[in-house]
Protein chains: 2
Amino acid sequence: MDTKQLVNTLKALADPTRLKIVSLLNHRSCCVCELVPIFGISQPAVSKHMSKLKSADLVLESRRGQWVIYSLNHERLEQVRFALGSLPDYSDEFERLAEQGLLVTCE
Amino acid sequence: MDTKQLVNTLKALADPTRLKIVSLLNHRSCCVCELVPIFGISQPAVSKHMSKLKSADLVLESRRGQWVIYSLNHERLEQVRFALGSLPDYSDEFERLAEQGLLVTCE
DNA sequence: ACTTGAAATAACCATATGGTTATAATAGCA
DNA sequence: TGCTATTATAACCATATGGTTATTTCAAGT
């Protein structure tokens with residue numbers, strides 16, 4: 001998972017409603033119509049949240065009749081945890097700056 | 001860390017500039033004036049990012065002369081990872097809804 | 001006390017975000 | 001085919017966000 005993907009996934013998680021949706025899906029899969037009464041927001045609002053979670057690969061979608069069942073992509077959540085535990089190494093960033101004479105030494 | 005705090009911390013991380021700042025601080029502590037040339041944004045912009053990271057407890061601040069040295073709060077980052085690995089249990093949420101007759105069963 | 005330099009704050013602006021209502025699109029059933 | 005139920009999309013709106021420039025605060029040196 002590159003930085004752009006990680007940021008996108010963190011954005012998807014960084015909202016109280018979506019974080020709670022993820023928590024609910026961690027318990028069991030849900031369709032949109034189950035989530036609407038839980039959050040007291042409109043169906044399109046829930047739908048947009050799911051769309052954001054899906055584009056971040058945090059949920060998986062499957063149709064069952066008229067319903068769309070969303071389930072948590074546990075693997076993706078683990079990838080986020082791993083990424084936060086092994087952030088990219090920017091030690092060469094400082095070297096690059098030093099070469100360009102942009103490294104400010106404040107001492 | 002409660003949900004509100006977690007969301008706030010995830011918001012702080014969910015920005016490419018701040019995530020890179022956190023990655024840099026993971027390597028070594030920095031002052032604001034060192035970060036400005038790295039990101040090519042204005043000093044107040046960096047300052048606001050640091051303020052957001054600080055309010056999320058992700059960085060620690062210490063003055064050395066005229067400089068403010070920011071360092072990563074590794075513990076906080078670990079707390080986020082842990083929280084994402086043990087999301088709140090909402091199994092009773094469904095029971096509560098069932099009692100209120102709000103539980104939609106889509107089958 | 002004055003000046004200098006670093007960082008924070010204020011005021012502002014364009015875009016992103018999370019909600020709404022109205023309207024499609026899709027699937028199941030009489 | 002039509003009717004109903006579920007979900008997605010469109011258009012819109014208020015607020016949040018991330019940037020800017022101008023100004024203020026704070027510490028150090030002369």
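Letters A, B, ... are given to chains in the order of the sequence lines, protein chains preceding strands, and every chain is numbered from 1. Fair warning: this is a prediction, and the values are worked out from it, not measured in the lab.
When heavy atoms are screened at a 4.0 angstrom cut-off, A:K11 is found touching the sugar-phosphate backbone but no base atom. B:F39 comes within 4.0 angstrom of no nucleic acid atom, judged by non-hydrogen atoms across all strands. At a threshold of 4.0 angstrom between heavy atoms, the contacts of B:S51 with the nucleic acid are absent.
A:Q66 places its CD atom 9 Å from the P atom of D:dA5, with the value rounded to the nearest Å. Between the CZ atom of B:R64 and the C1' atom of C:dA6 there is a distance of 14 Å, given to the nearest Å. In this structure, A:L13 places its CG atom 14 Å from P of C:dT17, rounding to the nearest Å. A:E61 has its CD atom 12 Å from the C1' atom of D:dT6, to the nearest Å. Atom pair B:D15:CG and C:dA16:C1' shows a separation of 12 Å (rounding to whole Å applied). One atom, OH of B:Y70, and another, C1' of C:dA6, lie 11 Å apart when rounded to the nearest Å. Distance CD1 (B:I41) to P (C:dC13): 21 Å, rounded to an integer number of Å. Distance B:L53 CG to C:dA7 P: 15 Å, rounded to the nearest Å.
For B:W67, the listed nucleotide lying nearest its side chain is C:dA6; candidates were D:dA8, C:dA6, C:dG18. Between D:dG18, C:dA7, D:dA8, one nucleotide has an atom nearer to the side chain of B:H49 than all others, and that is D:dG18. Across C:dA8, D:dG18, D:dT20, the shortest atom-to-atom separation from the side chain of B:K52 is found for D:dG18. Nearest to the side-chain atoms of A:K48 among the listed nucleotides C:dT20, D:dT6, D:dT7 stands C:dT20. Nearest nucleotide to the side chain of A:P44, out of C:dG28, D:dG19, D:dA10: D:dA10.
Residues A:T17 and B:V32 both approach DNA chain C. Their nearest nucleotides, taken by heavy-atom distance, put B:V32 toward the 5′ side.
At the phosphate of D:dG18, OP1 or OP2 sits under 4.0 Å from a side-chain N or O atom of B:R18. Between B:S42 and the phosphate of D:dT20, there is a side-chain N or O to OP1/OP2 separation shorter than 4.0 Å.
Annotation: the span from A:L84 atom CG to B:L19 atom CG amounts to 7.5 Å, rounded to 0.5 Å. A distance of 9.5 Å separates CG in B:D57 from CE in B:M1, rounded to the nearest 0.5 Å. The line from CG of A:L13 to NZ of A:K52 is 11.5 Å long, rounded to the nearest 0.5 Å.
The base of C:dA8 is paired with the side chain of B:Q43 by a donor and an acceptor separated by under 3.5 Å.
The two atoms that bring A:N8 and A:A56 nearest to each other are ND2-CA, 4.0 Å, heavy atoms only.
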Verify side-chain contact (heavy atoms from CB on, under 4.5 Å) between A:D15 and B:V7, making sure each step is shown before the conclusion. CA-CA 6 Å; A:D15 172 85; B:V7 166; 5.7 Å; no

